[in-house]
There are 2 protein chains.
Amino acid sequence: MLSKTTEYAIRALVSVELNSRKGQRPGFKTIARDIDAPEQYVAKIMQTLTRFKLLKSVRGRGGGFFFTEDYQQDIFLYDVVWIMEGKTFFTRCGFGFKHCDANNPCPLHNEYEPIREAFTQLLKKETIRSLATKIEKGEAVLSRLSV
Amino acid sequence: MLSKTTEYAIRALVSVELNSRKGQRPGFKTIARDIDAPEQYVAKIMQTLTRFKLLKSVRGRGGGFFFTEDYQQDIFLYDVVWIMEGKTFFTRCGFGFKHCDANNPCPLHNEYEPIREAFTQLLKKETIRSLATKIEKGEAVLSRLSV
DNA sequence: TTTATTAAAGATATTTAGGTCTTTATTGCG
DNA sequence: CGCAATAAAGACCTAAATATCTTTAATAAA
Ligand code: FES
Ligand code: FES
């Protein structure tokens with residue numbers, strides 16, 4: 001569904017959120033450990049997220065990644081997916097056509113479109129904060145050691 | 001969602017169904033043209049589908065691909081996806097964990113699981129025949145030249 | 001039986017996603 | 001200032017998905 005890279009990106013942002021709730025400013029190594037992903041790959045992904053201004057970074061001693069003060073508006077998973085997968089992600093044809101077109105539908109369209117839409121709505125509803133809160137409440141986990 | 005290969009596989013089978021309704025026994029070149037996919041790649045995919053006995057092939061003059069007489073039980077899209085993507089396809093974690101586990105859920109689980117299940121049900125409901133019928137009725141198309 | 005036609009098989013090539021390494025720039029601390 | 005710690009940047013590497021090429025085997029028609 002989502003690419004591994006996008007999954008890492010979402011998990012990494014949640015890691016930053018959880019760390020900052022504890023007054024920390026994590027670096028990419030901390031994040032990578034948190035989410036059980038390759039350090040250097042996480043570093044690359046953080047570069048992308050920073051470039052797209054989903055969060056800030058500072059280099060040097062005491063540096064790391066953090067959300068800005070004007071982080072009033074939530075980061076929706078939709079935003080992350082949009083950045084990592086491109087806007088076409090939300091309108092792909094389930095049958096493999098270049099575009100979805102309800103006026104010239106593939107034979108899966110009528111069934112597939114509502115499912116794709118439900119997933120889009122999920123991504124427009126859930127935020128980095130909402131995921132972090134679930135984890136903080138113990139309702140979910142950020143990574144699993146076993147299986 | 002589905003890999004390109006799986007999409008080709010489904011479309012190829014629908015092409016065989018539509019051709020055989022017209023009394024034809026298509027070869028991989030005909031199929032490739034029907035579904036607008038690379039000939040040799042389609043050939044490879046047909047080999048896989050034949051190996052898994054979703055349909056039969058004969059070589060030589062007048063040869064091609066066709067469904068057997070005991071083709072009473074429908075071919076569900078679920079079967080095709082199972083063959084092409086593996087059984088783990090239907091139980092993947094939307095957050096990137098190795099497995100989905102409701103007892104130790106990721107923060108997307110509660111929202112994601114129903115969507116994944118809806119898609120699985122779609123694949124268990126729709127068949128190669130049902131897709132072919134939609135196309136035959138003019139309700140959908142097998143490929144699109146433009147966009 | 002020869003030939004044309006077709007799929008199977010296997011090797012190879014290309015592209016994309018995923019991942020690593022090295023160097024440079026920035027920052028804070030002693 | 002000089003050093004240690006950190007992210008950025010870019011080159012590079014690896015693995016998987018996608019695609020192609022070549023040879024072989026099977027079949028039917030002439
Ligand atoms: S045309 Fe295929 S999903 Fe809409
Ligand atoms: S644990 Fe992630 S979807 Fe079930």
Side-chain angles (χ1 to χ4, degrees), chain A residues 1-13 15-16 19 24-33 35-68 81 83-86 88-89 92 96 98, chain B residues 1-13 15-16 19 24-33 35-68 81 83-86 88-89 92 96 98:
Chain A
M1 189 73 113
L2 299 174
S3 70
K4 218 165 180 177
T5 306
T6 303
E7 291 169 349
Y8 286 157
I10 293 172
R11 291 199 273 166
L13 289 167
S15 162
V16 174
N19 273 281
Q24 315 265 291
R25 171 184 291 184
F28 67 84
K29 290 179 188 173
T30 302
I31 298 170
R33 187 167 28 70
I35 70 175
D36 189 33
E39 281 189 4
Q40 293 297 316
Y41 199 51
V42 168
K44 280 295 178 208
I45 291 168
M46 295 314 290
Q47 276 178 41
T48 303
L49 297 175
T50 302
R51 189 151 13 91
F52 278 92
K53 306 204 186 303
L54 287 194
L55 77 174
K56 292 254 192 180
S57 67
V58 290
R59 308 199 220 191
R61 233 176 219 265
F65 297 90
F66 60 100
F67 298 108
T68 52
V81 174
I83 288 170
M84 304 305 290
E85 312 251 1
T88 62
F89 181 86
R92 294 218 179 105
K98 296 228 171 58
Chain B
M1 188 73 113
L2 299 172
S3 70
K4 217 165 180 176
T5 306
T6 303
E7 290 169 349
Y8 286 159
I10 293 171
R11 291 199 273 167
L13 289 166
S15 162
V16 174
N19 273 281
Q24 316 266 292
R25 172 184 290 184
F28 67 83
K29 290 178 188 173
T30 301
I31 298 169
R33 187 167 29 70
I35 70 174
D36 189 33
E39 281 190 1
Q40 293 296 318
Y41 198 52
V42 168
K44 281 296 178 207
I45 291 168
M46 295 314 291
Q47 277 177 40
T48 302
L49 297 174
T50 303
R51 191 153 10 92
F52 277 92
K53 305 204 187 305
L54 288 194
L55 77 175
K56 291 252 192 181
S57 68
V58 290
R59 307 199 221 191
R61 232 177 220 266
F65 297 90
F66 60 100
F67 298 110
T68 52
V81 174
I83 287 170
M84 304 305 291
E85 311 252 3
T88 61
F89 180 87
R92 294 218 179 107
K98 298 230 171 54

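Every chain is numbered from 1 and lettered A, B, ... according to where its sequence line falls, protein lines coming before strand lines.
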Any B:Phe67 side-chain heavy atom under 4.5 Å of B:Leu13 side chain: yes
Residues that B:Tyr41 engages under ring pair (Phe, Tyr, Trp, His ring centres under 6.0 Å), provided they are two or more places apart: B:Tyr8
Range on DNA chain D touched by chain B, heavy atoms, distance below 4.0 Å: D:dT18 to D:dA29
Scan nucleotides 12-17 of chain C against the protein and return all N/O pairs shorter than 3.5 Å with their distances rounded to 0.1 Å.
none

I'd like a table of donor-acceptor pairs (distance under 3.5 Å, sequence neighbours excluded) in which one partner is a side-chain atom from residues 43-51 of chain B, with atom names and distances.
unit_1: B:Thr48; atom_1: OG1; unit_2: B:Lys44; atom_2: O; d: 3.3
unit_1: B:Thr50; atom_1: OG1; unit_2: B:Met46; atom_2: O; d: 2.7

Contacts of A:Thr88 that satisfy side chain to side chain donor-acceptor pair (under 3.5 Å) - sequence neighbours left out: none
Distance, rounded to the nearest Å, where A:Asp36 contributes CG and C:dG18 contributes P: 16 Å
Per-nucleotide protein contact string for nucleotides 4-10 of chain C, where B marks a base within reach and S marks sugar-phosphate only (heavy atoms under 4.0 Å, - for neither): BBBBBBB
With sequence neighbours excluded, residues passing side chain to side chain contact (heavy atoms under 4.5 Å, CB included) with A:Gln40: A:Phe28
Heavy-atom pair with the smallest gap, counting every atom of A:Pro26 and A:Val16: CG-CA, 4.0 Å
Closest non-hydrogen atom pair between A:Met1 and A:Phe89, with its separation: O-CE1, 3.5 Å
Atom pair CZ/CZ of A:Phe65 and A:Arg25 - distance to nearest 0.5 Å: 11.0 Å
For a quick test of your reading: what N or O donor-acceptor pairs under 3.5 Å do the side chains of residues 54-61 of chain B make, sequence neighbours left out?
none

All side chain to side chain donor-acceptor pair (under 3.5 Å) counterparts of B:Glu85, not counting sequence neighbours: B:Ser3, B:Thr6
